[in-house]
Amino acid sequence: MEFNDLAQMVISGDHTGTEAWTRKALDSGVEPSAIIESGLIPGMDEVGRRFKSAEYHMPEVLIAARAMKASLVLVRPLVTASGIEPKGRVAIGTVRGDLHDIGKNLVGMMLEGAGYEVNDLGANVAPEAFVDAVENGGADLIALSALLTTTMPMMQRTIEALTAAEVRDRVGVMVGGAPVNQAYADQVGADAYAPDSATAVEVADALMKARAGK
Ligand code: B1M
């Protein structure tokens with residue numbers, strides 16, 4: 001089976017195709033991790049590239065993410081069971097008071113597709129839940145999303161809670177969401193800002209690398 005076929009189905013958003021391809025591949029003994037690394041990641045990489053160059057817009061990205069997810073739901077339990085270490089563990093959530101979760105879900109899916117173990121804490125997430133994800137969930141990275149100017153300050157509150165619980169130096173904090181920018185990320189003491197879901201993967205990779213070098 002050609003991994004490129006799977007990648008192309010992700011790019012074109014063919015979710016019935018990715019599901020059928022994946023079932024067939026698993027039945028014929030293809031390594032689950034190879035499906036992610038050689039099919040889904042290259043596919044989503046290309047989607048990210050097209051999104052950045054404005055060739056794709058949000059609907060195409062969402063449709064591609066759905067196609068990726070149709071494969072990933074079949075593969076993920078097998079990868080987890082096989083004990084292959086994820087690239088890193090990310091706890092993602094929309095901050096307290098904010099119910100917008102579409103962008104956050106997209107970022108989570110992209111990170112998952114790129115080989116991260118993603119603990120999706122949902123929307124309207126209290127700072128304490130992020131602290132718990134580091135203390136007890138072993139998160140290497142925290143990804144905070146906010147869509148409202150009124151909930152952006154909750155990013156700072158969450159980072160302060162991590163500091164108060166003395167776990168701030170154990171975790172990389174990245175922030176994103178339509179009203180957020182690099183200057184705001186710097187202001188609230190985040191380690192990184194990602195403007196979109198494709199960049200979020202690059203930012204997470206860079207943060208993991210920086211942390212490994214510490
Ligand atoms: Co709301 N809403 N909304 N809303 N809503 C906005 C955000 C708003 C800009 C609309 C407007 O007035 N033009 C406005 C905010 C204004 C402001 O704060 N300045 C607004 C408002 C005011 C509200 C309410 C207060 C309305 C009301 O009740 N009076 C209310 C608040 C509820 C609450 O949260 N407490 C509200 C409610 C809702 C709905 C529930 C109806 C619904 C949300 C449904 C859901 O998410 N399940 C909704 C929606 C859909 C929107 C708009 C239309 C679309 C948001 C969206 O999903 N975009 C939005 C207007 C708009 O943006 N055009 C609006 C698509 C998504 C893929 O993009 O989320 O930006 P986005 O994510 C991107 C990047 O930002 C980035 O990557 C994603 C993919 O590239 N990113 C990250 C996001 N999170 C990241 C995290 C990272 C990294 C990157 O981690 C590191």
Side-chain angles (χ1 to χ4, degrees), residues 10-11 13 43-69 87-127 129-130 133-134 137 139-159 162 168 171-211:
V10 170
I11 295 164
M44 282 314 280
D45 274 353
E46 176 59 17
V47 172
R49 193 199 61 72
R50 291 186 188 190
F51 180 66
K52 276 188 172 174
S53 66
E55 209 178 315
Y56 269 15
H57 297 96
M58 201 41 73
E60 287 99 333
V61 177
L62 288 170
I63 291 165
R66 183 178 61 166
M68 178 194 72
K69 192 126 197 185
K87 261 199 210 173
R89 295 180 171 82
V90 186
I92 189 168
T94 310
V95 296
R96 184 157 73 190
D98 200 322
L99 301 175
H100 297 85
D101 66 358
I102 298 169
K104 180 267 297 169
N105 292 345
L106 201 53
V107 172
M109 273 194 245
M110 287 293 279
L111 288 170
E112 214 164 55
Y116 285 89
E117 182 182 301
V118 175
N119 175 11
D120 188 345
L121 303 176
N124 188 23
V125 180
F130 287 105
V134 181
D140 304 300
L141 301 178
I142 293 281
L144 302 174
S145 179
L147 263 287
L148 298 170
T149 45
T150 50
T151 57
M152 286 165 70
M154 199 47 75
M155 291 181 154
Q156 183 162 5
R157 295 274 300 280
T158 303
I159 293 170
L162 292 168
R168 177 66 185 91
V171 71
V173 179
M174 52 197 281
V175 294
V180 180
N181 57 28
Q182 183 64 56
Y184 193 74
D186 295 340
Q187 186 189 320
V188 299
D191 298 309
Y193 159 69
D196 54 61
S197 52
T199 313
V201 173
E202 291 167 19
V203 167
D205 287 349
L207 269 182
M208 287 302 292
K209 209 168 162 191
R211 295 185 59 72

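For the single chain, residues carry numbers from 1 onward in sequence order. What you are looking at is a predicted structure, and each value in this text was computed from that prediction instead of being measured. Atoms within a ligand are numbered from 1 in the order they appear, just like the ligands themselves.
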- [ ] Check each of Gly103, Ala194, Ala178 against atom 75 (O) of ligand 1 and report the one with the nearest heavy atom.
- [x] Ala178

- [ ] Establish whether atom 4 (N) of ligand 1 and some protein heavy atom are separated by less than 4.0 angstrom.
- [x] yes

Task: Nitrogen or oxygen atoms of Gly97 and ligand 1 under 3.5 Å apart - done: yes

TODO: Looking only at non-hydrogen atoms, find the nearest pair between Val47 and Ala64 and report the distance.
DONE: CG2-CB, 3.7 Å

Open item on the list: According to salt bridge (charged side-chain N to carboxylate O under 4.0 Å, His left out), does anything in residues 185-194 pair up with another residue at least two apart or in another chain? List the pairs.
Closed with: Arg168-Asp191

Task: Proximal ligand 1 atoms for Asp98, defined as those under 4.0 Å from one of its heavy atoms - done: 34 (O)

Task: Any Ser197 heavy atom less than 4.0 Å from ligand 1 - done: yes

Task: Point-to-point distance, once rounded to the nearest 0.5 Å, from CD1 of Ile142 to CE of Met174 - done: 11.0 Å

TODO: Mark yes or no for whether Tyr193, through its side chain, and Tyr184, through its backbone, hold a donor-acceptor pair below 3.5 Å.
DONE: no

Open item on the list: Is there a polar contact, in the sense of an N or O pair closer than 3.5 Å, between Asp196 and ligand 1?
Closed with: no

- [ ] Check whether any side-chain N or O of Asp196 sits under 3.5 Å from a backbone N or O of Thr199 as a donor-acceptor pair, and report yes or no.
- [x] yes

Open item on the list: Heavy atoms only: which of Ser145, Ala143, Ala204 lies closest to atom 86 (C) of ligand 1?
Closed with: Ser145

Task: Evaluation steps, side chain to side chain contact (heavy atoms under 4.5 Å, CB included), between Asp205 and Lys87 - done: CA-CA 8 Å; Asp205 287 349; Lys87 261 199 210 173; 3.1 Å; yes

- [ ] Could you tell me the residue and atom name of the protein heavy atom closest to atom 47 (N) of ligand 1, and the distance to it rounded to 0.1 Å?
- [x] Asp101 OD1, 2.7 Å

Task: Nitrogen or oxygen of Leu99 less than 3.5 angstrom from that of ligand 1 - done: yes

Open item on the list: Looking only at protein heavy atoms, which one is nearest to atom 17 (C) of ligand 1, and what is the separation?
Closed with: Thr149 OG1, 3.7 Å

- [ ] Note the single closest protein heavy atom to atom 62 (O) of ligand 1, along with its residue, its atom name and the distance in Å.
- [x] Leu147 CD1, 4.8 Å

Task: Candidate with minimal heavy-atom separation from atom 64 (C) of ligand 1, of Met174, Met155, Lys104, His100 - done: His100

Open item on the list: Would Thr150 count as being in polar contact with ligand 1, using the rule that some N or O on each side must be under 3.5 angstrom apart?
Closed with: no

Open item on the list: I need the contact type for Ile92 against ligand 1. Using non-hydrogen atoms and a strict under-4.0 Å cut-off, is it side chain, backbone, both or neither?
Closed with: neither

- [ ] Using a 4.5 Å cut-off on heavy atoms from C-beta on, say whether the side chain of Asn105 contacts that of Asp120.
- [x] yes

Task: Any protein heavy atom nearer than 4.0 Å to atom 90 (O) of ligand 1 - done: yes

Open item on the list: Quick test: of every protein heavy atom, which one is nearest to atom 81 (N) of ligand 1, and how far off is it to 0.1 Å?
Closed with: Gly177 N, 3.5 Å

Open item on the list: For atom 10 (C) of ligand 1, is there a protein heavy atom at a distance under 4.0 Å?
Closed with: no

TODO: Identify the two heavy atoms, one from Gly122 and one from Val125, that lie closest to each other, and give their separation to 0.1 Å.
DONE: O-CG2, 3.3 Å

- [ ] Specify side chain, backbone, both or neither for Leu144, according to which of its non-hydrogen atoms lie closer than 4.0 Å to ligand 1.
- [x] backbone

Open item on the list: Under 4.0 Å from atom 29 (N) of ligand 1, can you find at least one protein heavy atom?
Closed with: no

Open item on the list: Quiz question for you: does at least one protein heavy atom lie closer than 4.0 Å to atom 20 (C) of ligand 1?
Closed with: yes

Open item on the list: Looking at atom 45 (C) of ligand 1, tell me if a protein heavy atom falls under 4.0 Å from it.
Closed with: yes

Task: Top protein contact for atom 16 (C) of ligand 1, by heavy-atom distance - done: Leu148 CD2, 4.5 Å

- [ ] Output yes when a side-chain donor or acceptor of Glu60 lies under 3.5 Å from a complementary backbone atom of His57, and no otherwise.
- [x] yes

TODO: Would you please determine whether Pro195 falls within less than 4.0 Å of ligand 1 on a heavy-atom basis?
DONE: yes

Identify every side-chain donor-acceptor pair in residues 89-100 under 3.5 Å, counting partners at least two apart or on other chains, and give the distances.
unit_1: Arg89; atom_1: NE; unit_2: Glu117; atom_2: OE2; d: 3.4
unit_1: Thr94; atom_1: OG1; unit_2: His100; atom_2: O; d: 2.9
unit_1: Asp98; atom_1: OD1; unit_2: His100; atom_2: N; d: 3.1
unit_1: Asp98; atom_1: OD1; unit_2: His100; atom_2: ND1; d: 2.8
unit_1: Asp98; atom_1: OD2; unit_2: Leu147; atom_2: N; d: 2.8
unit_1: Asp98; atom_1: OD2; unit_2: Leu148; atom_2: N; d: 3.2
unit_1: Asp98; atom_1: OD2; unit_2: Thr151; atom_2: OG1; d: 2.7

Task: Separation of Leu141 CG from Tyr116 OH (nearest 0.5 Å) - done: 6.0 Å

Open item on the list: Can you confirm whether some protein heavy atom lies under 4.0 Å from atom 13 (N) of ligand 1, or whether none does?
Closed with: no

Open item on the list: How close do Ala139 and Val171 get, counting heavy atoms only, and between which atoms?
Closed with: O-CG2, 3.9 Å

Task: side chain to side chain contact (heavy atoms under 4.5 Å, CB included) evaluation trace for Met155 with Val173 - done: CA-CA 10 Å; Met155 291 181 154; Val173 179; over 6 Å; no

Task: Residue, atom name and distance, where the atom is the protein heavy atom closest to atom 50 (C) of ligand 1 - done: Ile102 CD1, 4.3 Å

Open item on the list: Using modelled atom types and a 3.5 Å cut-off, is there a donor and acceptor pairing between side-chain atoms of Tyr56 and backbone atoms of Ile11?
Closed with: yes

